[in-house]
Asker: 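To start, I am sharing the structure in question, which I have written as structure tokens.
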Amino acid sequence: MESDVTQTTTFPALRNDVFLRALRRQPVPYTPIWLMRQAGRYLPEYRETRARAGSFLALAQNPALAAEVTLQPLERYDFDAAILFSDILTVPHAMGLGLRFTDGEGPRFDFPVRDEADVRRLAVPDMDKLRYVFDAVTLIRHELGGKAPLIGFAGSPWTIACYMVEGGGSDDYQRIKTMLYQRPDLLHAILQVNAEATAAYLNAQIEAGAQAVMIFDSWGGVLADGLYQEFSLAYIQRVLKALNRDQPDGQVPVIVFTKGGGLWLEAIAASGCDAVGVDWTVNLAQARRRVQDSVALQGCMDPMALFGGEQAIRAEARRVLDAYGPVATGGHVFNLGHGISRHTPVEAVSALVDEVHTYSRHLHATQA
């Protein structure tokens with residue numbers, strides 16, 4: 001695999017578009033499946049590549065290795081989409097916040113955003129600093145050979161702001177919530193920069209070859225009602241409005257996933273996205289009624305169900321598929337309600353993919 005990527009708009013013809021058709025709520029022969037964090041630590045081949053890279057950040061910044069780990073799950077399983085291997089924190093890293101990954105602690109920033117001077121220094125980064133991401137996207141599209149569509153992604157402005165202000169992950173979000181209540185003007189300034197940066201980042205991924213994009217609002221669910229709409233959803237909408245979704249191969253679908261966002265399903269569905277990701281706390285049948293089939297739904301099996309053994313995995317997959325209901329018009333993408341655990345047995349994923357494809361084909365055939 002070569003890491004020197006030449007930008008091109010000529011890619012291999014797509015041979016499996018079921019995922020894209022489901023997002024567009026078009027008829028499909030079965031329910032497509034992919035998993036959040038499907039390119040990751042549960043795979044032994046990923047761990048081997050990660051060891052060769054030397055660090056997580058070195059892996060993410062090497063287009064050839066990022067392409068390699070993106071493709072690994074599709075070589076092992078019959079997934080209906082690939083998702084770019086990267087990290088949502090590449091954008092604030094390009095802003096100069098000094099991203100590093102520490103064993104046992106996760107991501108940390110050397111220069112968190114804590115006061116007015118820090119906020120004034122923030123600016124949308126030069127996208128050339130993220131060229132390694134876009135080179136990886138183009139390379140992956142070629143290496144996929146049309147086997148499945150490629151998903152690009154970014155963190156939501158609010159979720160990225162959480163990491164920027166907290167300096168890393170958090171249990172209580174004290175620092176950013178203190179800013180929200182004491183200096184909402186500063187937080188709005190951060191979110192505005194993040195929204196502009198996120199739109200530019202996703203547009204560059206689309207230009208490089210991403211066929212769908214997803215906005216991960218991982219921490220939107222920690223906000224109170226009313227504050228979610230003001231500090232998270234409003235800025236997701238700004239991103240959505242700025243995306244260049246009309247492409248020669250058709251409009252690029254956009255998925256929005258707010259973990260813990262079941263309370264706001266209707267508002268998220270009305271934001272301008274094509275699909276809403278839901279976690280395992282959401283009743284899929286009720287969710288579909290609430291959004292009135294205005295958008296596709298993605299989800300929503302509990303990732304821990306993959307530790308229950310094959311019989312339980314297959315039963316849970318069928319329960320989720322049955323909950324969505326009639327499938328003649330597509331509209332459901334099977335996924336977990338959050339990222340797959342690093343401890344997941346590889347054979348558990350095999351059972352899940354097989355059951356989703358087999359059982360949903362039966363449902364689609366009987367409901368046709």
Side-chain angles (χ1 to χ4, degrees), residues 36-37 83 87-89 91-92 106-107 113 151-181 184 186-199 201-202 213-243 254-284 286-287 290-291 294-300 302-303 333 335-339:
M36 290 182 277
R37 295 183 187 155
I83 183 165
D87 193 90
I88 63 172
L89 300 182
V91 173
V113 180
I151 306 167
F153 71 91
S156 72
W158 161 258
T159 292
I160 298 302
C162 287
Y163 285 101
M164 293 166 69
V165 175
E166 297 290 338
S170 176
D171 293 327
D172 57 12
Y173 303 90
Q174 177 186 342
R175 288 190 173 96
I176 192 163
K177 287 193 172 185
T178 297
M179 181 182 288
L180 183 155
Y181 289 110
L186 291 185
L187 183 51
H188 279 300
I190 295 171
L191 293 169
Q192 178 58 37
V193 172
N194 285 357
E196 293 177 15
T198 302
Y201 184 53
L202 288 175
V213 294
M214 182 162 170
I215 298 173
F216 284 90
D217 188 30
S218 304
W219 308 128
V222 307
L223 286 165
D225 185 39
L227 297 180
Y228 169 76
Q229 291 88 331
E230 179 180 355
F231 290 95
S232 184
L233 188 58
Y235 289 93
I236 290 173
Q237 288 179 286
R238 294 190 190 193
V239 174
L240 292 170
K241 289 177 182 178
L243 293 183
V254 183
I255 308 162
V256 172
F257 172 60
T258 294
K259 186 173 182 289
L263 175 66
W264 307 299
L265 267 179
E266 294 88 346
I268 300 170
S271 66
C273 63
D274 299 280
V276 178
V278 293
D279 63 30
W280 63 89
T281 66
V282 172
N283 179 296
L284 201 55
Q286 293 177 6
R290 288 169 60 188
V291 302
S294 60
V295 292
L297 294 173
Q298 179 176 278
C300 56
D302 183 353
V333 173
N335 209 311
L336 302 177
H338 200 228

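Computed over heavy atoms, backbone and side chain alike; hydrogens, waters and symmetry mates excluded.
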Asker: State, yes or no, whether a side-chain contact exists between Val276 and Val291 at a heavy-atom distance under 4.5 Å.
Answerer: no
Asker: I'd like to check Ser232 versus Leu223 (side-chain heavy atoms, cut-off strictly below 4.5 Å). Are they in contact?
Answerer: yes
Asker: Please report the closest heavy-atom contact between Gly261 and Asp279, naming both atoms and the distance.
Answerer: N-OD2, 4.3 Å
Asker: When you compare the side chain of Val213 with that of Tyr201, does any pair of heavy atoms fall below 4.5 Å?
Answerer: no
Asker: Which heavy atom of Met36 sits nearest to which heavy atom of Leu336, and what is that distance?
Answerer: CE-O, 3.1 Å
Asker: Output the distance between atom CD (Gln229) and atom CD (Gln237), rounded to the nearest 0.5 Å.
Answerer: 10.0 Å
Asker: Could you check whether any side-chain heavy atom of Met214 comes within less than 4.5 Å of a side-chain heavy atom of Phe257, counting everything from C-beta outward?
Answerer: yes
Asker: Is the shortest side-chain heavy-atom distance between Phe231 and Leu187 below 4.5 Å?
Answerer: yes
Asker: Any heavy-atom pair between the side chains of Tyr173 and Val165 that's under 4.5 Å?
Answerer: no
Asker: Taking all heavy atoms of Gly262 and all of Arg290, pick out the closest pair and write down the distance.
Answerer: O-NH2, 2.8 Å
Asker: Quick check: closest heavy atoms across Phe153 and Ile88, and the distance to 0.1 Å?
Answerer: CE1-CG2, 3.7 Å
Asker: I'd like to know if the side chain of Asn194 pairs up with that of Trp158 as donor and acceptor (distance under 3.5 Å, no hydrogens or angles considered).
Answerer: no
Asker: To the nearest 0.5 angstrom, please state how far the CG atom of Asp217 sits from the CD1 atom of Ile160.
Answerer: 10.0 Å
Asker: Tell me the closest heavy-atom pair linking Gly277 and Ile255, and the distance in Å.
Answerer: N-CG2, 4.1 Å
Asker: At their closest point, which heavy atom of Leu263 faces which heavy atom of Glu266, and how far apart are they?
Answerer: O-OE1, 4.2 Å
Asker: Will you find, in the side chains of Trp219 and Tyr163, an N or O donor that is under 3.5 Å from an N or O acceptor?
Answerer: yes
Asker: Looking at Thr159 and Ser218, would you say the former's side chain and the latter's main chain have a donor-acceptor pair under 3.5 Å?
Answerer: yes
Asker: Spell out, as yes or no, whether a donor-acceptor pair under 3.5 Å connects the side chain of Lys177 to the backbone of Asp172.
Answerer: no
Asker: Pairing donors with acceptors under 3.5 angstrom, does anything connect the side chains of Tyr235 and Thr198?
Answerer: no
